[in-house]
Trainee: 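To start, I am sharing the structure in question, which I have written as structure tokens.
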Amino acid sequence: MPAQPDASPVYSYLGPVGTFTWTALNQAPEAVGGEWRSVNNVGEALDDVISGRSIGAMIAIENSVEGGVSATQDALASIPGLRITGEYLVRVDFDLVARPGTALADVTTVAAHPVAYAQTHLWLDKAVPTHAHLPATSNVAAPTALLNGSPADAAVAPHGITQHLALDTLAEHIGDNQNAVTRFVMVSRSGRIPERTGADKTSIIVELPSDAAGSLLDMLEQFATRGVNMSLLESRPIGDELGRYRFVIDLDGHVHDERVADALLGLKRFSPRVTFLGSYPRADRRPVVLESRYRDEVFIEARDWLRGILSGEPDGEDAVEDAGEALPGLVVRELDDAAPGQHGADDQGPQAG
Ligand SMILES: O=C(O)C(=O)C[C@]1(C(=O)O)C=C[C@@H](O)C=C1
């Protein structure tokens, strides 16, 4: 019997074609040649991954105006077995569009994806002060619906959408922040962790013991004392009772970096729940800068020293040797070189005892 050709891998994304999520998926090398499945919300995209219908889902996780996308953060916290395997950045730029013949003065109802609405509402409040908002499932669903009987008079859409849809542009570049960027992540089922590059991020979600004073500080100390920088720290209600929050955290570094692994072990010892969402290369490829005392070799040498003591060897002061290959994205600084403010919280400077 002739061998069946392998089915191409399926990737789910918030569609239809032309959304910012679709633009992000275009950046993912593994999605080239795959089948792209358009869905209506983040939950559906993640369900596809969990059920095995798709091998990956591209989802928006953070934008430079609104911060974390709460629907995404909550879904990642509550659905077990998901892993972030890559991140992608997309500049977001919006226009207000309408059916031909509509003037700005005619607009009373504006269709918009809720996140897009939040990113344009200052402009809308000024230019269309009495408008009502009609939520849409995406930035392309909103203008498409205008051609399919939507009661809205206008829609917030990605800049340039009128090249593809028979609509007119009422105003261009209406975003409240002209430099707005949205961060997207590719989410797959738990499994292989992408190799470290030296310019990596690790995403985790942490719950804290509810009855222990100072546990937020305990959590932050795990990172500070290992020289691990945080690039995102947000709290989200857990939802079971008032006043209970979980923390969504991005760390500079990879779980295969000794300092990051050690910090995660420290967290795990007192947090009732640590969810590891993944380690993956940074979209901006910005190298991680760390002081030499947080290099892998320093952690390994300290462990070897203790092992030696436990096995009865004399306590010698071994020099820290460079082990392993250098990572292209990593910049290591001697303590004296570190710029002010880049020391860990426990560091009072080189002269401190
Ligand atoms: O509607 C789109 O185009 C999307 O890709 C969704 C989304 C989001 O969920 O944040 C993506 C980028 C913008 O920040 C606004 C909306």
Side-chain angles (χ1 to χ4, degrees), residues 9 11-14 21 24-25 27-31 34 42-43 45-52 54-63 67-90 182-207 219 222-223 226 228-234 236 246-268 271 273-288 296 327 329-330:
Y11 293 89
S12 297
Y13 73 101
L14 180 71
T21 310
L25 192 54
Q27 295 181 35
E30 68 268 41
V42 167
L46 295 178
D47 280 351
D48 279 355
V49 173
I50 289 297
S51 68
S54 299
I55 197 165
M58 184 65 82
I59 56 176
I61 194 165
E62 181 186 1
N63 68 65
V69 178
S70 43
T72 300
Q73 292 178 337
D74 294 346
L76 290 175
S78 53
I79 306 174
L82 295 172
R83 266 305 145 70
I84 298 175
T85 52
E87 82 167 351
Y88 305 90
L89 301 176
V90 175
T182 295
R183 187 163 76 92
F184 292 84
V185 288
M186 177 71 90
V187 175
S188 305
R189 275 214 276 187
S190 301
R192 194 188 62 82
I193 298 172
E195 275 178 24
R196 64 180 180 156
T197 65
D200 306 294
K201 256 186 200 176
T202 293
S203 297
I204 54 173
I205 297 178
V206 182
E207 290 179 20
M219 177 180 86
Q222 305 307 316
F223 309 125
R226 278 111 175 161
V228 176
N229 185 48
M230 283 183 297
S231 57
L232 177 93
L233 172 64
E234 286 205 355
R236 292 288 308 149
R246 55 169 74 98
F247 293 87
V248 181
I249 301 172
D250 281 352
L251 305 170
D252 284 355
H254 193 286
V255 68
H256 287 149
D257 293 332
E258 294 284 338
R259 67 186 187 289
V260 174
D262 208 54
L264 294 184
L265 288 177
L267 274 182
K268 188 69 191 154
S271 160
R273 191 166 168 210
V274 180
T275 306
F276 175 75
L277 291 178
S279 290
Y280 47 90
R282 296 175 64 100
D284 60 10
R285 302 290 183 261
R286 189 154 57 83
V288 171
D296 279 359
L327 292 167
L330 192 66

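Along the sequence shown, residues are numbered consecutively beginning with 1. What you see below is based on every heavy atom in this structure, not just the backbone, and it leaves out hydrogens, waters and symmetry mates.
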Trainee: Side-chain contact test, heavy atoms from C-beta onward, threshold under 4.5 Å: evaluate it for Phe247 versus Arg236 and give yes or no.
Mentor: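 Not touching, per the 4.5 Å side-chain cut-off.
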Trainee: Do you know which of Leu25, Ile55, Ile59, Ile84 makes side-chain contact (heavy atoms from CB on, under 4.5 Å) with Met186?
Mentor: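 Going through the options one by one, the only one that passes is Leu25.
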Trainee: Say you draw a straight line from CD1 of Ile249 to CZ of Phe223; how long is it, rounded to the nearest 0.5 Å?
Mentor: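 One finds 4.0 Å between CD1 of Ile249 and CZ of Phe223.
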Trainee: Partners of Asp257 by salt bridge (Lys or Arg N to Asp or Glu O under 4.0 Å), sequence neighbours excluded?
Mentor: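 For Asp257 the salt bridge (Lys or Arg N to Asp or Glu O under 4.0 Å) partners, ignoring immediate neighbours, are Arg196, Arg259.
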Trainee: If the condition is side-chain hydrogen bond (donor to acceptor under 3.5 Å, both in side chains), which residues does Thr182 pass it with, not counting sequence neighbours?
Mentor: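 For Thr182, no residue satisfies side-chain hydrogen bond (donor to acceptor under 3.5 Å, both in side chains) once neighbours in sequence are set aside.
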Trainee: Please identify each residue that fulfils side-chain hydrogen bond (donor to acceptor under 3.5 Å, both in side chains) with Arg286, with sequence neighbours left out.
Mentor: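 If we apply the side-chain hydrogen bond (donor to acceptor under 3.5 Å, both in side chains) test to Arg286, skipping adjacent residues, there are no hits.
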Trainee: Could you work out, with side-chain hydrogen bond (donor to acceptor under 3.5 Å, both in side chains) as the rule, every residue matching Glu87, not counting sequence neighbours?
Mentor: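 Partners of Glu87 under the side-chain hydrogen bond (donor to acceptor under 3.5 Å, both in side chains) test: Arg183, Lys201.
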Trainee: Could you report the tightest heavy-atom contact between Ala60 and Thr72, atom names first, then the distance?
Mentor: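 Taking Ala60 first and Thr72 second, the nearest heavy atoms are O-OG1, 2.7 Å.
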Trainee: In chain order, what residues pass the side chain to side chain contact (heavy atoms under 4.5 Å, CB included) check against Thr275, with sequence neighbours excluded?
Mentor: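 Side chain to side chain contact (heavy atoms under 4.5 Å, CB included) check on Thr275 returns Ile205, Arg273, Leu277.
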Trainee: Applying salt bridge (Lys or Arg N to Asp or Glu O under 4.0 Å), can you list everything that pairs with Asp262, at least two apart in sequence or on another chain?
Mentor: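 Partners of Asp262 by the salt bridge (Lys or Arg N to Asp or Glu O under 4.0 Å) criterion, ordered by chain and then number, come out as Arg226.
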Trainee: Between His254 (side chain) and Pro194 (backbone), is there a donor-acceptor pair under 3.5 Å?
Mentor: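 Yes: the side chain of His254 pairs with the backbone of Pro194.
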Trainee: Kindly give the heavy-atom pair with the smallest separation between Ser54 and Ser12, and that separation in Å.
Mentor: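 For Ser54 and Ser12, the tightest heavy-atom pair comes out as OG-OG, 2.6 Å.
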Trainee: Quick check for you: to the nearest 0.5 Å, what is the distance between Ile204 atom CD1 and Arg246 atom CZ?
Mentor: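 With rounding to 0.5 Å, CD1 (Ile204) is 13.5 Å from CZ (Arg246).
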Trainee: Looking at every non-hydrogen atom in both residues, tell me the closest pair between Leu251 and Met230 and how far apart they are.
Mentor: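 In terms of heavy atoms, the two residues are closest at CD2-CG, 3.8 Å.
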Trainee: Indicate yes or no for a side-chain donor-acceptor contact from Asp200 to the backbone of Gly198 under 3.5 Å, with no hydrogens or angles considered.
Mentor: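 Yes; at least one donor-acceptor contact below 3.5 Å.
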Trainee: Answer whether the closest heavy-atom distance between the side chains of Val248 and Leu232 falls below 4.5 Å.
Mentor: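 A side-chain contact under 4.5 Å exists here.
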Trainee: With the side chain counted from C-beta on, respond yes when Met58 and Tyr88 share a heavy-atom pair under 4.5 Å apart, and no when they do not.
Mentor: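 Side-chain contact under 4.5 Å: yes.
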Trainee: Which value, rounded to the nearest 0.5 Å, describes the distance between Leu89 atom CG and Asn63 atom CG?
Mentor: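 The CG atom of Asn63 is 12.0 Å from CG of Leu89, to the nearest 0.5 Å.
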Trainee: Identify, with sequence neighbours excluded, every residue that meets side chain to side chain contact (heavy atoms under 4.5 Å, CB included) alongside Ala75.
Mentor: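 Per chain and number, Ala75 pairs via side chain to side chain contact (heavy atoms under 4.5 Å, CB included) with Leu46, Ile79.
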Trainee: Under 3.5 Å, side chain of Ser271 to main-chain N/O of Glu207, donor-acceptor pair present?
Mentor: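 Yes: the side chain of Ser271 pairs with the backbone of Glu207.
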Trainee: State, yes or no, whether a side-chain contact exists between Ile61 and Leu76 at a heavy-atom distance under 4.5 Å.
Mentor: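 Of all side-chain heavy-atom pairs linking Leu76 with Ile61, at least one is under 4.5 Å.
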Trainee: Taking only residues two or more places apart in sequence, or in another chain, which ones meet Arg285 in a salt bridge (Lys or Arg N to Asp or Glu O under 4.0 Å)?
Mentor: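 Counting only residues at least two positions away or on another chain, Arg285 forms no salt bridge (Lys or Arg N to Asp or Glu O under 4.0 Å).
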Trainee: Do you know the tightest heavy-atom contact between Ala31 and Tyr11?
Mentor: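 Scanning both residues completely, I find the closest heavy atoms to be CA-CE1, 3.6 Å.
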Trainee: Return the set of residues passing salt bridge (Lys or Arg N to Asp or Glu O under 4.0 Å) with Arg189 (not counting sequence neighbours), or none when no residue passes.
Mentor: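 Partners of Arg189 under the salt bridge (Lys or Arg N to Asp or Glu O under 4.0 Å) test: none.
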Trainee: Glu234: what forms a side-chain hydrogen bond (donor to acceptor under 3.5 Å, both in side chains) with it, not counting sequence neighbours?
Mentor: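 Testing Glu234 for side-chain hydrogen bond (donor to acceptor under 3.5 Å, both in side chains), a comparison that skips the adjacent residues, returns Gln73.
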Trainee: Taking all non-hydrogen atoms of both residues into account, name the closest pair between Ser188 and Thr85 and its distance.
Mentor: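 In terms of heavy atoms, the two residues are closest at OG-OG1, 3.6 Å.
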Trainee: Which residues pass the side chain to side chain contact (heavy atoms under 4.5 Å, CB included) test with Val255, sequence neighbours left out?
Mentor: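 Listed in chain order: Ile193, Leu264, Phe276, Ser279.
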Trainee: Are side-chain heavy atoms of Val185 and Glu62 found at a separation under 4.5 Å?
Mentor: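 No, their side chains stay 4.5 Å or more apart.
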Trainee: Would you find a donor on one side and an acceptor on the other, under 3.5 Å apart, between the side chain of Ser203 and the backbone of Asp250?
Mentor: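 No: the side chain of Ser203 does not pair with the backbone of Asp250.
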Trainee: For Thr197 and Pro281, indicate whether the former's side chain and the latter's backbone hold a donor-acceptor pair under 3.5 Å.
Mentor: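 No; judged by distance alone, with no hydrogens or angles, the pair does not exist.
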Trainee: What residues form a side chain to side chain contact (heavy atoms under 4.5 Å, CB included) with Glu195, not counting sequence neighbours?
Mentor: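 Glu195: no side chain to side chain contact (heavy atoms under 4.5 Å, CB included) contacts found.
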